[in-house]
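Encoded as structure tokens, the structure appears first; notes follow it.
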Amino acid sequence: MTTKPVYIVLLGPPGSGKGTQADILQERLGLPHVASGDLFRYNLKNKTPLGLKAKSYMDRGDLVPDDITIAMVLDRLARPDCARGAILDGFPRTIAQAEALDAALADKGLAIDRAVNFVVPDAVIVERITGRRICPVCGATYHVTFNPPKDDNRCDRDGAELYQRDDDKPETVRNRLKVYRELTAPLVDYYRAKAVLVEIDGNRPIEAVTEALLQALQGLLA
Ligand code: AMP
């Protein structure tokens with residue numbers, strides 16, 4: 001018996017915990033964590049034509065143009081490991097991206113099953129982002145205070161030395177928040193109108209947010 005693929009969209013400003021929770025959900029639900037930011041960073045690191053196109057936008061904290069982003073994510077979703085669906089983190093970020101995703105899924109008789117909005121105040125966001133550290137090997141995310149690695153500045157999974165993203169510096173973070181409010185926040189109403197939106201309080205410890213999230217997704221995965 002084949003079950004219908006499940007698509008979960010995680011919404012919320014940068015630093016609201018989408019990546020951290022998507023990693024946990026990936027383990028718990030066995031669905032791949034598809035993060036557009038990670039895909040761009042991978043391309044940037046490997047100096048691919050896509051990475052070179054995206055670089056200047058990412059450096060400024062602006063959005064990469066929709067056509068490039070949509071093609072990249074749809075290509076990722078077409079890979080075999082996404083056959084049962086995916087947890088989307090950082091995509092869609094504009095109404096045009098959401099419409100393109102809906103159209104691509106509708107072509108296969110599918111749709112977004114749930115969009116979860118993580119609500120976190122701006123002051124908390126800035127504190128979270130500036131303390132964020134990333135593993136260059138596996139992409140795991142840590143926070144110097146709220147989610148530190150076991151070993152000083154080294155990844156728990158593979159021991160690689162953690163780094164701070166260039167775009168996690170305060171000036172860029174301010175622009176990313178502005179871009180979020182202008183272009184991405186309208187997606188909350190977009191998914192509410194489709195009756196798939198759930199809002200959860202993201203300003204709590206990681207485990208409490210995971211619990212709320214699992215509750216919000218109940219019934220989706222039989
Ligand atoms: P993130 O890791 O999600 O914070 O993304 C890092 C950067 O990648 C963003 O600031 C954008 O420049 C770019 N990016 C990631 N996802 C998208 C998207 N859905 N649309 C446009 N640009 C994106």
Side-chain angles (χ1 to χ4, degrees), residues 7-23 25-26 32-77 86-105 112 115-118 120 122 124-126 128-136 138-143 162-188 190-191 202:
Y7 295 94
I8 300 162
V9 166
L10 302 185
L11 288 174
S16 58
K18 302 185 299 292
T20 302
Q21 296 296 334
D23 263 349
L25 278 190
Q26 170 169 264
H33 170 191
V34 173
S36 43
D38 287 350
L39 295 174
F40 281 128
R41 277 185 290 280
Y42 175 85
N43 278 281
L44 205 58
K45 198 171 134 198
N46 291 289
K47 300 196 168 61
T48 68
L50 176 71
L52 296 176
K53 270 190 215 156
K55 183 177 178 357
S56 61
Y57 299 98
M58 295 175 74
D59 285 347
R60 290 192 300 270
D62 284 337
L63 295 187
V64 179
D66 282 336
D67 53 343
I68 300 177
T69 308
I70 290 165
M72 175 184 75
V73 175
L74 292 185
D75 182 60
R76 174 72 189 85
L77 290 176
I87 303 156
L88 287 155
D89 158 20
F91 181 93
R93 254 182 166 92
T94 62
I95 297 282
Q97 291 178 16
E99 287 173 346
L101 175 62
D102 278 347
L105 293 178
I112 296 299
V116 183
N117 186 33
F118 292 75
V120 179
D122 277 6
V124 176
I125 292 289
V126 174
R128 281 190 184 180
I129 296 188
T130 44
R132 176 153 76 177
R133 298 293 181 272
I134 316 279
C135 172
C138 72
T141 308
Y142 298 86
H143 188 283
L162 306 178
Y163 74 102
Q164 181 175 34
R165 279 168 50 175
D166 278 345
D167 63 349
D168 278 352
K169 310 261 157 72
E171 325 77 77
T172 325
V173 169
R174 270 193 293 279
N175 188 44
R176 286 163 65 203
L177 280 173
K178 181 168 160 272
V179 168
Y180 173 79
R181 270 185 228 105
E182 282 170 12
L183 298 173
T184 310
L187 289 179
V188 172
Y190 178 90
Y191 286 115

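Order of listing sets the numbers, starting from 1, for every ligand and every atom in it. Residues: numbered from 1 along the sequence shown.
No option in Gln164, Lys169, Arg165 other than Arg165 meets the side-chain hydrogen bond (donor to acceptor under 3.5 Å, both in side chains) test with Asp167.
How far CG of Asp23 is from SG of Cys138: 7.5 Å, rounded to the nearest 0.5 Å. Rounding to the nearest 0.5 Å gives a distance of 12.5 Å between OG1 of Thr69 and CG of Leu101.
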Distance-only donor-acceptor pairs under 3.5 Å for side chains of residues 52-60, two or more places apart:
from  : atom 1 : to    : atom 2 : distance (Å)
Lys55 : NZ     : Asp59 : OD2    : 2.7
Arg60 : NE     : Asp62 : OD2    : 2.9

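With sequence neighbours left out, Asp122 forms a salt bridge (Lys or Arg N to Asp or Glu O under 4.0 Å) with Arg181. In this view, Ser36 and Met72, Val73, Phe91, Arg93 satisfy the side chain to side chain contact (heavy atoms under 4.5 Å, CB included) rule, not counting sequence neighbours.
For ligand 1, the 4.0 Å heavy-atom shell contains residues Ser36, Gly37, Phe40, Arg41, Met58, Asp62, Leu63, Val64, Thr69, Gly90, Phe91, Arg93, Gln97, Arg165, Asp167, Arg176.
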